[in-house]
Undergrad: 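One structure follows; several queries about it will come next.
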Amino acid sequence: MRILVVEDEEGLAESLRRGLCAEGHWVDVAHDGHRGLDLALTGGAVDGASAGTAGGAAGYDVVVLDLMLPGLGGHEICTRMRAHGDPTPVLMLTAKDGEHDEADGLDAGADDYLTKPFSFVVLAARLRALARRAGAPDPGRVLQAGDLVLDPPARRCRRGDREIELTARELGVLACLLERPGEAVAKQEILDRVWDGPQAIDPNIVEVYVSSLRRKIDAPFGRRSILTVHGTGYRMAPDGG
């Protein structure tokens, strides 16, 4: 994911940046409200470069926004983002603890709310959940790459005119890849989507289902549609292999 962290506590901001980068995300950081709003509205392309590592990306997948900031507060930033038609999911952070603060944040357009101190594991899981909800495709949309076609509502898959029988989990994994043909999809993202992220599940289970899919949708047709992206996950060839 491309993530913007707007947090004036530099130690916390750096800790979040390091932790999220270690999970494979691109992270930009702003320490005041005005800078944070500029980055949020331009996707990081402010003054030709961003404040962190995403450098000029075409938009963020999620924004981590502190409530109390110099310049502009988190509520005002979120309100202005929504007024500009920016739908990027916002996770608001605050040292305050009260139902009125949470309500104000949600009314301003925030999607989730986390009170300091918080667990990084919980924050990372909530960010993944926000990104999943924001990127969830139309459940009625037919997914396709070349002659490989998946109809999720009908639970049917075919390559050309030939029907391919898949299990529910295989359908789920394939849908994750077909939703973003040509893009690398992380194992953890697939696990979160298809298995709903239970802690007891070994991430390597994704490899098992990808191998099964390859045997069904590729091998019989002499194709190679699911490509391994080392260190990340998998990518669906846009032309279906």
Side-chain angles (χ1 to χ4, degrees), residues 1-96 101-102 104-136 180 183-186 188-189 192 232:
M1 292 187 290
R2 294 186 177 93
I3 300 171
L4 171 62
V5 175
V6 188
E7 168 60 64
D8 64 326
E9 295 181 34
E10 295 190 13
L12 175 58
E14 177 62 13
S15 176
L16 291 177
R17 187 192 69 78
R18 289 177 179 271
L20 293 169
C21 285
E23 291 198 345
H25 306 299
W26 287 276
V27 183
D28 282 344
V29 175
H31 298 301
D32 68 83
H34 289 293
R35 176 68 173 175
L37 178 62
D38 286 344
L39 287 170
L41 294 180
T42 61
V46 179
D47 300 328
S50 62
T53 58
Y60 296 106
D61 295 298
V62 66
V63 175
V64 179
L65 182 60
D66 190 25
L67 178 63
M68 303 298 292
L69 292 164
L72 291 176
H75 287 157
E76 182 64 19
I77 293 173
C78 196
T79 297
R80 294 193 190 187
M81 287 174 62
R82 299 312 184 222
H84 278 79
D86 186 342
T88 305
V90 171
L91 173 64
M92 194 165 283
L93 303 178
T94 181
K96 295 183 177 181
D101 298 317
E102 181 174 356
D104 288 344
L106 297 175
D107 286 343
D111 299 273
D112 202 355
Y113 194 95
L114 200 56
T115 302
K116 301 175 185 177
F118 53 82
S119 161
F120 176 80
V121 172
V122 171
L123 178 135
R126 291 196 180 189
L127 293 181
R128 292 195 298 268
L130 286 175
R132 286 199 305 274
R133 291 199 293 269
R180 291 155 51 190
E183 296 184 27
V185 182
Q188 186 62 51
E189 181 177 345
D192 289 342
T232 301

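Sequence positions, counted from 1, serve as the residue numbers for this chain.
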Undergrad: Nearest 0.5 angstrom please: T115 OG1 to M92 CE, how far?
TA: 11.5 Å
Undergrad: I want to check something: taking the side chain as every heavy atom from C-beta on, are M81 and T88 in contact at a cut-off of under 4.5 Å?
TA: yes
Undergrad: Counting C-beta onward and ignoring hydrogens, is there a side-chain heavy-atom pair between L123 and L16 closer than 4.5 Å?
TA: yes
Undergrad: Is there a donor-acceptor pair under 3.5 Å between the side chain of D66 and the backbone N or O of L69?
TA: no
Undergrad: Work out which heavy atom in T94 is nearest to a heavy atom in L67; give both atom names and the distance.
TA: OG1-CD2, 3.2 Å
Undergrad: I'd like to know if the side chain of E9 and the backbone of G11 have a donor-acceptor N/O pair within less than 3.5 Å.
TA: no
Undergrad: On a heavy-atom basis, which atom in L130 and which in D111 lie closest, and how many Å separate them?
TA: CD2-CB, 3.6 Å
Undergrad: If I compare all heavy atoms of F120 with all of L20, which pair ends up nearest, and what's the gap?
TA: CZ-N, 3.7 Å
Undergrad: Give a yes or no answer on whether the side chain of D61 reaches the backbone of R2 with a donor-acceptor pair at less than 3.5 Å.
TA: yes
Undergrad: Can you list everything that forms a salt bridge (charged side-chain N to carboxylate O under 4.0 Å, His left out) with R180? Sequence neighbours excluded, please.
TA: E183, E189
Undergrad: If only atom types and distance count, is the side chain of R126 paired as donor or acceptor with the main-chain N or O of Y113 below 3.5 Å?
TA: yes
Undergrad: Where is the tightest heavy-atom contact between A184 and T232, given as atom of each residue plus distance?
TA: CB-CG2, 4.1 Å
Undergrad: Specify the closest pair of heavy atoms between C78 and A110, including all atoms of both residues, with the distance to one decimal.
TA: SG-N, 3.3 Å
Undergrad: I need the H25 NE2 to I3 CD1 distance, nearest 0.5 Å.
TA: 4.5 Å
Undergrad: Only counting residues at least two apart or in another chain, list the ones meeting salt bridge (charged side-chain N to carboxylate O under 4.0 Å, His left out) with E23.
TA: R128
Undergrad: Do E7 and V29 come close enough that some side-chain heavy atom pair is under 4.5 Å?
TA: no
Undergrad: Looking only at heavy atoms, which two atoms of H31 and D8 are closest? And how far apart?
TA: O-CB, 3.3 Å
Undergrad: Let's go through L72 and R80 carefully: what are the C-alpha distance in whole Å and the side-chain angles of both, what is the deciding distance for side-chain contact (heavy atoms from CB on, under 4.5 Å) to 0.1 Å, and is it a yes or a no?
TA: CA-CA 10 Å; L72 291 176; R80 294 193 190 187; 3.6 Å; yes
Undergrad: What is the distance from atom CH2 of W26 to atom CG of L4, rounded to the nearest 0.5 Å?
TA: 15.5 Å
Undergrad: When rounded to the nearest 0.5 angstrom, what distance separates CG in L65 from CG in L91?
TA: 9.0 Å
